[in-house]
A.B. asks: 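Below is one structure. I have some questions about it.
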There are 2 protein chains.
Amino acid sequence: MEITRKAEYAIRILSYLAAKDTGENVPSALIAEEQEIPANLVPQLVAALTKRGWLTGTRGAGGGVRLAQDPEQITIKEVIEFIEGPIVISRCLVAPEACSRRTACPLNQVWARAQQAMLDVLGGTTIADLVKAKCTR
Amino acid sequence: MEITRKAEYAIRILSYLAAKDTGENVPSALIAEEQEIPANLVPQLVAALTKRGWLTGTRGAGGGVRLAQDPEQITIKEVIEFIEGPIVISRCLVAPEACSRRTACPLNQVWARAQQAMLDVLGGTTIADLVKAKCTR
DNA sequence: TTTTAATATAACTTATTTGGTTAGTTTTAT
DNA sequence: ATAAAACTAACCAAATAAGTTATATTAAAA
């Protein structure tokens, strides 16, 4: 029932870089230090975010990563789902066709409504919103 | 990020008994069979729900359990939290005082708003609502 | 051109949580 | 007495999450 740490780390990395916004390369080691994220985890997360197109990386000495996309266009929901896969609060919503009760059972609808309410908030908040609210760390 | 099966089983047990509403004792074995819940798990869940006051049990041959409280007064949220403990979508909301960023970081507020939106749905739905919607199994 | 600093990628280990099992004790109707 | 049932507690196994380790690749700098 919880957002994983990796997803939260990813969000913090993105908003941290969005707040810097100097166009300069930031190495993983610095991100790890300033954001208090396990140093060995950062390169992994950064690589994934780069593959996704949200960051761009430069290898070698003096290298690092920086934001590659408008932070207004990256929602919290997208980041979480990219790292964790689809957000689902109940198995019933993963494979509803596998549930024999599906059509009759209103629990499915309760889960769906509860989940949607949550996703509306997460999908309506962007990395830029976090930066605006001064979440630099 | 998911509601556990035990919590869902508990909700289904309650709405199943609420739908019966005959005042007769229903043994765990029957609940397990009709609700397709692992037979060994039902007695545990039933015992917990009884301790909580939602069910009342009669031991011995011919015994079983039945609903002991108005299903209008039991919300989905209450059942989940009784079985799983408090619903939290992020560690930040469990022990905010342990987070050095707490006051500055708007992520906390995003989590809080997303969680509240979800809890509003779960807290606004009762066992009686499920029964009305014909969720007898 | 060698060294160093960095990304990028994969595999692995450990801790925690979940889902379920097992075993046993009471209690009560037959 | 016996059988059927609620109760209770302890345990086990599978899955997931979190973090570690190792290695290859690339590019700047000495």
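Everything numeric in this text was worked out from a predicted model, so none of it was measured. Chain letters run A, B, ... following the sequence lines, proteins first, then strands; residues in each count from 1.
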A.B. asks: Would A/Glu24 and A/Arg66 pass as an ion pair if we require N to O under 4.0 Å?
C.D. replies: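 Looking at A/Glu24 and A/Arg66, the cut-off is not met.
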A.B. asks: To the nearest Å, how far apart are B/Leu45 CG and D/dC7 C1'?
C.D. replies: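 So the two atoms are 13 Å apart, to the nearest Å.
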A.B. asks: Is there a side-chain contact between B/Ile3 and B/Ile80 in this structure, where contact means two heavy atoms from C-beta onward sitting under 4.5 Å apart?
C.D. replies: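 A side-chain contact under 4.5 Å exists here.
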A.B. asks: Looking at B/Tyr9, I'd like to know whether one of its side-chain N or O atoms comes within less than 4.0 Å of OP1 or OP2 on C/dG20.
C.D. replies: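 Checking B/Tyr9 against C/dG20: at least one side-chain N or O falls below 4.0 Å of OP1 or OP2.
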A.B. asks: C/dG20 P sits how many Å from B/Glu36 CD, rounded?
C.D. replies: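 From B/Glu36 CD to C/dG20 P: 13 Å.
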A.B. asks: Can you see if the side chain of A/Arg5 gets near the phosphate of D/dG19 - specifically, an N or O under 4.0 Å from OP1 or OP2?
C.D. replies: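 Yes, because at least one side-chain N or O of A/Arg5 sits under 4.0 Å from OP1 or OP2 of D/dG19.
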A.B. asks: Between the side chain of B/Gln73 and the main-chain N/O of B/Asp70, is any donor-acceptor distance below 3.5 Å?
C.D. replies: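 No; judged by distance alone, with no hydrogens or angles, the pair does not exist.
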A.B. asks: Taking only the side-chain heavy atoms of B/Arg91 (C-beta and beyond), determine which of C/dA8, D/dA17, D/dG19 contains the nearest atom.
C.D. replies: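 Nearest listed nucleotide: D/dA17.
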A.B. asks: Answer yes or no: is there a donor N or O on one side and an acceptor on the other, between the side chain of B/Glu2 and the main chain of A/Ile89, under 3.5 Å?
C.D. replies: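 Not confirmed, B/Glu2 side chain does not pair with A/Ile89 backbone.
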A.B. asks: Could you state the CZ-C1' distance from A/Arg66 to C/dT7, rounded to the nearest angstrom?
C.D. replies: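 About 13 Å, once rounded to whole Å.
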A.B. asks: Just how far, in rounded Å, is C1' of D/dA6 from CG of B/Leu49?
C.D. replies: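 Distance, rounded to whole Å: 13 Å.
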A.B. asks: Verify the contact: side-chain N or O of B/Ser28 to OP1 or OP2 of D/dA6, cut-off strictly under 4.0 Å; return yes or no.
C.D. replies: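 So the side-chain polar atoms of B/Ser28 do come within 4.0 Å of the phosphate oxygens OP1 or OP2 of D/dA6, strictly under.
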A.B. asks: Pairs under 3.5 angstrom only: tabulate donor-acceptor contacts from the side chains of residues 119-130 of chain B to other protein residues two or more places apart or in another chain.
C.D. replies:
from	atom 1	to	atom 2	distance (Å)
B/Asp120	OD1	B/Gln116	NE2	2.9
B/Thr125	OG1	B/Val121	O	2.9
B/Thr126	OG1	B/Ala128	N	3.3
B/Thr126	OG1	B/Asp129	N	3.1
B/Thr126	OG1	B/Asp129	OD2	3.3
B/Asp129	OD2	B/Thr126	N	2.9

A.B. asks: Contact class for A/Val42 vs. all strands (heavy atom < 4.0 Å): base, sugar-phosphate, or nothing?
C.D. replies: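 The answer is nothing, as A/Val42 stays clear of every strand by at least 4.0 Å.
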A.B. asks: Which distance, rounded to the nearest 0.5 Å, do you find between the OG of A/Ser28 and the CG of A/Leu45?
C.D. replies: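 So the OG of A/Ser28 and the CG of A/Leu45 are separated by 9.0 Å.
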A.B. asks: How many Å lie between CH2 on A/Trp54 and C1' on C/dA8, as a whole number?
C.D. replies: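 One finds 18 Å between C1' of C/dA8 and CH2 of A/Trp54, rounded.
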A.B. asks: Show your working on salt bridge (Lys or Arg N to Asp or Glu O under 4.0 Å) between A/Glu36 and A/Arg12 and close with a plain yes or no.
C.D. replies: CA-CA 10 Å; A/Glu36 299 170 48; A/Arg12 284 187 12 221; over 6 Å; no
A.B. asks: Which part of the nucleic acid, if any, lies within contact of B/Gly63, taking any heavy atom under 4.0 Å across all strands shown: a base, the sugar-phosphate backbone alone, or nothing?
C.D. replies: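 The residue B/Gly63 makes sugar-phosphate contact but no base contact.
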A.B. asks: Nucleotide by nucleotide, 5' to 3', does protein get under 4.0 Å of the base (B), only the sugar-phosphate (S), or neither (-) in nucleotides 8-15 of chain D, counting heavy atoms?
C.D. replies: -BB-----
A.B. asks: Would one find a side-chain N or O of B/Thr58 under 4.0 angstrom from OP1 or OP2 of C/dT28?
C.D. replies: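 So the side chain of B/Thr58 is outside the cut-off, no N or O lying under 4.0 Å from OP1 or OP2 of C/dT28.
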A.B. asks: Would you call A/Arg5-A/Glu84 a salt bridge at under 4.0 Å N-O?
C.D. replies: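 Salt bridge between A/Arg5 and A/Glu84, a charged N being under 4.0 Å from a carboxylate O: no.
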A.B. asks: Relative to the 5' end of DNA chain D, which residue comes earlier, B/Ile31 or A/Ala61, by the nucleotide with the nearest heavy atom?
C.D. replies: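 It is B/Ile31 whose nearest nucleotide is closer to the 5' end.
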A.B. asks: Specify the separation, in whole Å, of atom CG of A/Leu55 and atom P of C/dT9.
C.D. replies: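 Rounding to the nearest Å, CG of A/Leu55 and P of C/dT9 are 13 Å apart.
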A.B. asks: Using heavy atoms to find the nearest nucleotide of DNA chain C for A/Val65 and B/Gly62 separately, return the residue whose nucleotide is more 5′.
C.D. replies: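 Its nearest nucleotide being more 5', the pick is A/Val65.
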A.B. asks: Identify which nucleotide among D/dA18, C/dG20, D/dC7 has an atom closest to any side-chain atom of A/Thr4, counting heavy atoms from C-beta outward.
C.D. replies: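 My answer, after comparing the listed nucleotides, is D/dA18.
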A.B. asks: Whole Å only: how far is the CG atom of B/Asn25 from the P atom of C/dT27?
C.D. replies: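 For the pair B/Asn25 CG and C/dT27 P, the rounded distance is 17 Å.
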A.B. asks: Roughly how far, to the nearest 0.5 Å, is CD of B/Gln35 from OH of B/Tyr9?
C.D. replies: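 So the gap between those two atoms works out to 10.5 Å.
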A.B. asks: Between the axis at one end of the helix from C/dT1-D/dA30 to C/dT30-D/dA1 and the axis at the other (five pairs apiece), what's the angle to 10 degrees?
C.D. replies: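 One end axis against the other gives 10°.
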A.B. asks: C/dG20 P sits how many Å from B/Lys6 NZ, rounded?
C.D. replies: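 About 8 Å, once rounded to whole Å.
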A.B. asks: Take B/Thr56 and B/Thr50 through the side chain to side chain contact (heavy atoms under 4.5 Å, CB included) test and state the conclusion after the steps.
C.D. replies: CA-CA 5 Å; B/Thr56 163; B/Thr50 299; 5.6 Å; no
